[in-house]
Amino acid sequence: MQQNLIAQAEAWLAEDPDSETRDELAKLIEARDLDALADRFGGTLQFGTAGLRGELGAGPMRMNRAVVIRAAAGLAAYLKAQGHTGGLVVIGYDARYKSADFARDTAAVMTGAGLRAAVLPRPLPTPVLAYAIRHLGAVAGVEVTASHNPPRDNGYKVYLGDGSQIVPPADAEIAAEIAGVASLHDVPRPDSGWETLGDEVLRAYLERTDAVLTPGSPRTANVVYTAMHGVGKDVVLAAWERAGFPAPVLVEEQAEPDPAFPTVAFPNPEEPGAMDLAFARARETAPDIVIANDPDADRCAVAVPHDGDWRMLRGDEVGALLAEHLVRKGVTGAFAESIVSSSLLGRIAEAAGLRHEETLTGFKWIARVEGLAYGYEEALGYCVDPEGVRDKDGITAALLVAELASVLKEEGRTLSDLLDDLAVAHGLHATDQLSVRVEDLGVIANAMRRLREQPPAALAGLTVTSAEDLTRGSGALPPTDGLRYHLDGAFKARVIVRPSGTEPKLKCYLEVVVPVADASGLAAARAEADGVLGAIKRDLAAAAGI
């Protein structure tokens with residue numbers, strides 16, 4: 001066992017093109033640190049519909065240049081097998097550690113495989129890459145990003161020529177090609193031959209953002225904006241200026257790209273503390289709203305004044321607000337959401353006479369809904385211009401939120417007032433999440449097994465009327481690792497439990513629907529919903545053993 005592990009590490013070391021990870025690995029081999037070597041060589045990062053994502057470091061269980069070169073070679077082989085020899089692959093990247101290196105390696109591998117490669121000119125938002133694929137007629141795209149993961153992570157997201165992320169069976173077919181890469185020495189990687197794009201694609205993307213706004217609409221909302229140490233600031237400022245909104249007040253400490261993310265524990269607007277600096281800036285400047293992007297700017301978070309301070313809106317609340325705004329703008333087509341998002345979208349669509357669709361989690365599924373006009377999921381992802389970007393786009397979503405806030409401002413109203421209107425019209429759809437981050441993935445597996453073997457009969461005093469194991473799939477949904485419960489009693493409720501596809505987390509999505517007769521009953525309904533959601537959390541945690 002020991003000799004086999006050392007031999008594996010030495011073979012990897014002989015091929016590793018990166019001096020940094022070579023040094024790391026050589027020291028572990030010299031020290032005979034078997035635990036650290038087993039952690040790096042106990043398997044391989046699995047390529048799936050989320051591509052690759054993991055901690056930076058040496059070995060097949062880490063993100064590094066050797067892993068990326070193999071992934072790029074597998075993707076190139078897949079594209080050629082699909083008849084795309086000579087086709088264009090567009091490559092974008094964020095400002096994380098090693099992102100530029102991974103992008104360059106991908107371009108070299110594509111060029112060496114006989115494909116054409118074009119790299120975006122600098123670190124840019126993921127939506128710009130998603131837009132560029134269709135704009136340039138590419139056969140595929142790669143975005144090097146770990147989105148909102150911790151600083152030591154990076155990732156590799158793959159899109160096909162329709163501009164949306166890969167789904168089965170493409171992921172398994174690409175993974176098989178990656179597994180077939182025997183040696184990095186067999187992968188041609190020329191030093192040149194690919195194109196570095198100029199700003200033409202970015203300008204075209206910015207021109208496309210005009211499509212989400214109504215000509216002549218109010219543009220008066222004042223905004224505090226944070227890029228969360230990511231790549232969103234310059235593109236957001238350009239979009240704001242183009243649209244004619246007042247320039248956002250920046251959270252300067254988080255405005256520039258910084259792969260260390262020094263002011264936040266996790267660079268995710270949903271995480272506790274991540275918005276503290278933005279709220280402090282808002283207390284100083286009293287804007288109408290606060291807007292945040294995650295580091296690759298494909299997500300959009302919104303906060304509103306509340307009881308003399310600031311409150312983050314849940315993703316479901318922003319999703320409902322954008323849906324109602326689009327309905328009032330006369331948008332037609334399908335309104336789609338993932339199964340973990342609020343059922344309120346279905347009520348809004350039904351009232352407007354629009355088709356409503358549910359998909360599995362992820363915009364790889366939402367973006368494929370036929371006739372899509374609007375799609376969202378509760379994790380702060382919104383697709384408001386499917387013809388431009390077939391993925392979540394935190395910049396066009398931010399523009400649309402600012403337009404809605406401006407329209408309401410002209411009426412002497414706020415986003416919170418519109419949320420009240422929606423609750424009265426459709427019932428208060430209150431959502432919450434029980435999210436457990438783990439060090440040992442076995443905790444997640446044990447929780448899922450326990451819930452499958454001993455499904456709860458009731459949660460928070462509400463009877464579980466149906467318990468679905470989503471691994472079985474259905475006519476409407478492909479199989480996925482998840483459980484869905486519907487509850488009935490004093491109120492109707494829904495619970496979905498699933499492992500995260502991008503982080504070591506077990507995620508439980510809760511919704512309770514409380515009828516509201518009129519605005520005077522809102523406060524009591526919210527208090528009642530909070531109590532029920534809290535009780536569901538406690539009972540579900542006990543049932544799952546977490």
Side-chain angles (χ1 to χ4, degrees), residues 11-22 44-48 50-54 56 58-60 62-94 96-123 126 129 132-133 136-146 154-161 165-166 170-197:
W12 186 278
L13 180 64
E15 291 190 346
D16 193 335
D18 189 322
S19 60
E20 187 176 330
T21 45
R22 278 202 312 272
T44 60
L45 284 183
Q46 294 302 301
F47 185 94
L52 293 167
R53 195 176 291 188
L56 292 165
R62 297 287 189 270
M63 282 296 297
N64 51 65
R65 290 183 60 201
V67 163
V68 164
I69 290 166
R70 282 185 165 82
L75 175 59
Y78 168 82
L79 292 172
K80 291 168 73 174
Q82 298 294 311
H84 295 310
T85 300
L88 174 66
V89 178
V90 188
I91 303 151
Y93 59 104
D94 66 12
R96 284 178 175 266
Y97 296 117
K98 298 290 183 181
S99 285
D101 294 336
F102 295 168
R104 186 186 185 281
D105 283 331
T106 301
V109 170
M110 296 301 161
T111 302
L115 293 146
R116 292 182 296 127
V119 183
L120 294 183
R122 57 186 173 279
T126 294
L129 181 278
I133 295 166
L136 296 175
V139 298
V142 171
E143 177 70 16
V144 180
T145 181
N154 213 327
Y156 199 81
K157 185 183 292 189
V158 176
Y159 298 76
L160 295 182
Q165 298 175 51
I166 55 170
D171 58 337
E173 293 169 0
I174 295 170
E177 296 285 4
I178 294 170
V181 179
S183 168
L184 294 192
H185 298 313
D186 299 331
V187 180
R189 286 179 286 134
D191 292 328
S192 62
W194 58 88
E195 179 184 0
T196 299
L197 297 167

Legend entry - Which atom of A132 lies closest to which atom of V90, heavy atoms considered: CB-CG1, 4.1 Å
Legend entry - Side-chain heavy atoms of V158 within contact of L75, under 4.5 Å: yes
Legend entry - I166 side chain near F47 side chain, heavy-atom distance below 4.5 Å: yes
Legend entry - Beyond-backbone contact of R22 with L13, side-chain heavy atoms, under 4.5 angstrom: yes
Inset, instruction - Could you grab the distance from atom CD of E143 to atom CD1 of I91, nearest 0.5 Å is fine? - result: 10.5 Å
Inset, instruction - Decide side chain to side chain contact (heavy atoms under 4.5 Å, CB included) for V181 and D186; before the verdict, give the C-alpha distance in whole Å, the side-chain angles of both, and the deciding distance to 0.1 Å. - result: CA-CA 8 Å; V181 179; D186 299 331; over 6 Å; no
Inset, instruction - May I ask you to check whether T21 and D16 show a side-chain donor-acceptor distance below 3.5 Å? - result: yes
Legend entry - Rounded distance [0.5 Å steps], CH2 in W12 versus CG in L184: 7.0 Å
Legend entry - Minimum-distance pair of heavy atoms, taken over all atoms of M110 and A76: SD-CB, 3.8 Å
Inset, instruction - Please report the closest heavy-atom contact between A108 and P190, naming both atoms and the distance. - result: O-CD, 3.3 Å
Legend entry - Min side-chain heavy-atom separation L136-L197 under 4.5 Å: yes
Legend entry - Heavy-atom pair of closest approach, residues H84 and V139: ND1-CG1, 3.7 Å
Legend entry - Rounded distance [0.5 Å steps], CG in L88 versus CG in L115: 9.0 Å
Legend entry - Donor + acceptor pair across side chains of N154, S99 (<3.5 Å): yes
Inset, instruction - Supply the atom-to-atom distance L45 CG to R70 CZ, rounded to the nearest 0.5 angstrom. - result: 12.0 Å
Inset, instruction - Report the distance from atom OH of Y156 to atom CZ of R53, rounding to the nearest 0.5 Å. - result: 14.5 Å
Inset, instruction - Would you indicate whether the side-chain heavy atoms of D18 and K98 approach each other to under 4.5 Å? - result: yes
Inset, instruction - Check whether any side-chain heavy atom of W194 sits under 4.5 Å from a side-chain heavy atom of R116, and report yes or no. - result: no
Legend entry - M63 side, atom CE; R96 side, atom CZ - distance, nearest 0.5 Å: 10.5 Å
Inset, instruction - Decide whether T106 and Y93 meet the rule of one side-chain donor and one side-chain acceptor closer than 3.5 Å. - result: no
Inset, instruction - Search all heavy atoms of T145 against all heavy atoms of T126 and return the closest pair with its distance. - result: CG2-OG1, 3.9 Å
Legend entry - Expected output: side-chain N64 to main-chain G59 donor-acceptor under 3.5 Å: yes
Inset, instruction - Please name the pair of heavy atoms, one in R65 and one in P17, separated by the smallest distance, quoted to 0.1 Å. - result: NH1-O, 3.1 Å
